[in-house]
Protein chains: 2
Amino acid sequence: MRSTFRERSLGTSARDQAYVALRKAIVGAELEPGRRLSENQLAELIGVSRTPVRDALARLRDERLVAIVPQLGTFVTYIDEEAIADAHFVREALEVSAIRIAARDAGVDQLRDLHENLEAQERAVADDDAASFARLDDDLHRQLCDLSGREVAWRLSERTRGQLDRVRLLSLPEAGYRGQMLAEHRAVVGAVAGHDAVAAERELRSHQRMVLSSLPAIRDAHPEYFQED
Amino acid sequence: MRSTFRERSLGTSARDQAYVALRKAIVGAELEPGRRLSENQLAELIGVSRTPVRDALARLRDERLVAIVPQLGTFVTYIDEEAIADAHFVREALEVSAIRIAARDAGVDQLRDLHENLEAQERAVADDDAASFARLDDDLHRQLCDLSGREVAWRLSERTRGQLDRVRLLSLPEAGYRGQMLAEHRAVVGAVAGHDAVAAERELRSHQRMVLSSLPAIRDAHPEYFQED
DNA sequence: GCTTGCGTACTTGTATACTAGTACGCGACA
DNA sequence: TGTCGCGTACTAGTATACAAGTACGCAAGC
């Protein structure tokens with residue numbers, strides 16, 4: 001089929017294309033919580049067959065962004081505080097374990113990379129560049145995970161992002177939000193640079209709790225996105 | 001097809017059937033590391049079509065028990081110390097985080113369940129019942145995870161089991177192995193019962209490290225199961 | 001004898017056809 | 001008017017057909 005060649009970016013499979021498109025739509029609430037999804041409709045919409053769509057949905061189910069009920073339907077999950085608490089728990093457990101090792105082992109080259117990231121974040125804050133900041137935020141957390149030598153830490157932590165991103169994107173970008181994030185990132189990196197594992201753990205825990213604080217506001221703004229309306 | 005009705009246990013899908021069969025074969029080294037798997041052959045062997053086999057293989061790839069190379073083949077992964085270290089890292093991070101909460105919050109009913117499990121383990125050790133002991137071991141860890149209120153802890157920890165089970169099953173059942181396991185389980189449960197989070201964490205970490213100690217012996221016995229022969 | 005190139009027989013990825021099962025509306029009946 | 005029951009139109013699960021790409025052996029030429 002010509003369209004597959006034309007529309008599909010180089011090096012990306014139909015499965016990845018479907019996954020990226022669906023994840024973006026769900027996290028951005030374009031496909032709102034509770035919405036019923038038809039594999040056939042999605043396949044037609046994305047321009048692939050049902051098979052890669054099903055693969056993508058299976059992956060999204062792992063992230064608890066959709067729920068698949070056999071012979072009945074596939075639904076975008078409601079925002080569930082339990083699911084978000086689970087995501088937070090996993091992210092905290094993995095990244096804290098990683099940063100303990102990172103604080104112990106980090107070398108000068110790696111610390112330089114961390115500081116370079118912080119400088120880039122500083123520029124992004126100054127330029128009010130939300131997209132760059134979000135990317136750098138992710139990069140920093142990945143760097144910290146990778147410093148532990150256990151790349152699985154980031155791989156699994158990343159999977160919890162779906163739940164947390166949904167919260168982040170829905171929360172209104174308050175003034176000074178990115179500035180506070182940057183300050184917390186500085187505190188975390190500072191503790192790692194000082195090889196202070198206890199402080200690094202404390203700062204990271206405090207930092208990760210931030211995203212949870214915006215939940216009540218979202219519930220007020222979008223009660224229909226939650227299970228009990 | 002009649003066979004699907006006849007051979008498939010009640011309530012289990014073809015996908016689950018394929019997953020269970022393949023996982024068992026790989027963990028038990030019936031399908032040895034490095035072995036090339038053909039989706040078509042596996043489908044015929046298990047008695048289902050390629051679709052559920054592919055679903056099962058995708059799940060096994062998540063557990064790093066197989067590696068799928070597009071247009072080339074699917075292979076049973078070699079035993080990789082990095083992969084095992086990753087599995088250990090994840091298991092430790094999640095269960096330690098969970099047991100801290102468990103030690104703080106555990107109530108009398110839940111502690112009674114833990115002690116009942118220990119008593120059952122005692123009987124299994126006395127009866128030299130390996131299968132029961134393995135099941136009770138899993139149950140205990142799941143109970144400890146569930147005590148944290150974050151059932152995701154066990155769900156993810158369980159996924160690392162593939163790597164660790166492969167080590168466990170290959171390691172010769174040394175005399176007194178289960179007795180030592182039971183003693184460590186007692187220490188962990190004792191710390192939880194005493195609401196001593198620090199001790200619980202220490203005992204759990206020590207306990208989990210045990211499985212790693214058998215790795216060198218396995219490498220000696222089965223060098224062909226490792227990447228560099 | 002060695003190298004090169006093509007053809008065949010695989011592989012996974014994707015598309016489509018078919019099966020089993022659920023929800024729901026509409027019509028018949030009490 | 002209310003209720004029961006069946007038929008239709010969906011659903012996801014599974015099976016199969018097709019496409020794209022890799023490995024490898026064998027034959028031809030140097």
Side-chain angles (χ1 to χ4, degrees), chain A residues 1-22 26 31-77, chain B residues 1-22 26 31-77:
Chain A
M1 194 187 296
R2 282 206 61 80
S3 66
T4 59
F5 179 81
R6 183 168 48 81
E7 298 179 8
R8 197 176 296 165
S9 317
L10 243 68
T12 61
S13 59
R15 163 172 46 215
D16 290 344
Q17 179 188 355
Y19 171 75
V20 170
L22 287 173
I26 294 172
L31 294 175
E32 75 280 6
R35 170 103 158 224
R36 182 177 195 157
L37 302 177
S38 162
E39 293 180 354
N40 280 313
Q41 287 180 22
L42 294 176
E44 194 177 1
L45 197 70
I46 300 174
V48 299
S49 77
R50 266 184 70 204
T51 308
V53 168
R54 278 176 60 76
D55 290 346
L57 288 174
R59 210 165 142 190
L60 291 168
R61 175 178 52 182
D62 266 3
E63 303 180 22
R64 295 174 71 172
L65 288 176
V66 305
I68 302 174
V69 185
Q71 322 300 353
L72 212 164
T74 301
F75 305 85
V76 178
T77 55
Chain B
M1 193 188 294
R2 282 204 61 80
S3 67
T4 59
F5 180 79
R6 184 169 47 82
E7 298 178 8
R8 197 176 296 166
S9 316
L10 244 68
T12 62
S13 59
R15 163 172 47 215
D16 290 343
Q17 179 189 353
Y19 171 76
V20 169
L22 287 174
I26 293 172
L31 294 175
E32 74 281 4
R35 169 104 160 223
R36 183 177 193 156
L37 303 177
S38 162
E39 293 180 354
N40 280 313
Q41 286 179 20
L42 293 176
E44 193 177 2
L45 197 69
I46 300 173
V48 300
S49 77
R50 265 185 71 205
T51 308
V53 168
R54 280 176 59 78
D55 291 346
L57 289 175
R59 210 165 141 190
L60 291 168
R61 175 179 52 182
D62 266 3
E63 303 180 22
R64 294 174 72 173
L65 289 176
V66 305
I68 302 174
V69 185
Q71 323 300 354
L72 212 164
T74 301
F75 305 86
V76 179
T77 54

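Chain letters run A, B, ... following the sequence lines, proteins first and then strands; every chain starts at 1. None of these values were measured; they are calculated from a predicted model.
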Every protein N/O within reach of nucleotides 5-9 of chain D N/O, cut-off under 3.5 Å:
none

Can you give me the closest heavy-atom contact between [X] and [Y], atom names plus distance?
X	Y	value
Val53(B)	Ala43(B)	CG2-CA, 3.6 Å
Leu31(A)	Val76(A)	O-CG1, 3.8 Å
Ala14(B)	Val48(B)	CB-CG1, 3.8 Å

Residues in side-chain hydrogen bond (donor to acceptor under 3.5 Å, both in side chains) contact with Ser49(A), at least two apart in sequence or another chain: none
Members of residues 49-65 of chain B that approach DNA chain D, where some heavy atom sits under 4.0 Å away: Ser49(B), Arg50(B), Thr51(B), Pro52(B)
Selection from dG13(C), dA23(D), dG13(D) that lies nearest to any side-chain heavy atom of Glu39(A): dG13(D)
Calculate the interatomic distance between [X] atom [atom1] and [N] atom [atom2]; express it in whole Å.
X	N	atom1	atom2	result
Gln41(A)	dC10(D)	CD	P	9 Å
Glu44(A)	dC10(D)	CD	P	13 Å
Asn40(B)	dC18(D)	CG	P	15 Å
Ile68(B)	dT22(D)	CD1	P	17 Å
Arg15(B)	dT14(D)	CZ	C1'	10 Å
Arg36(B)	dC10(C)	CZ	C1'	7 Å
Gln71(B)	dC24(D)	CD	P	16 Å
Gln17(B)	dT14(D)	CD	C1'	12 Å

For a quick test of your reading: what N or O donor-acceptor pairs under 3.5 Å do the side chains of residues 59-75 of chain A make, sequence neighbours left out?
unit_1   : atom_1 : unit_2    : atom_2 : d
Asp62(A) : OD1    : Arg159(B) : NH2    : 3.4
Glu63(A) : OE2    : Tyr19(A)  : OH     : 2.4
Arg64(A) : NH1    : Asp86(A)  : OD2    : 3.0

side-chain N/O Thr74(B) vs dT12(C) OP1/OP2, d < 4.0 Å: yes
Distance (rounded to the nearest 0.5 Å) between Leu37(A) CG and Leu45(A) CG: 10.5 Å
Sequence-distant partners of Arg35(B), salt bridge (charged side-chain N to carboxylate O under 4.0 Å, His left out), two or more places apart: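 Checked Arg35(B) against salt bridge (charged side-chain N to carboxylate O under 4.0 Å, His left out); matches are Glu32(B).
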Pairs flagged by salt bridge (Lys or Arg N to Asp or Glu O under 4.0 Å) wherever residues 44-53 of chain A is involved - sequence neighbours left out: Glu39(A)-Arg50(A)
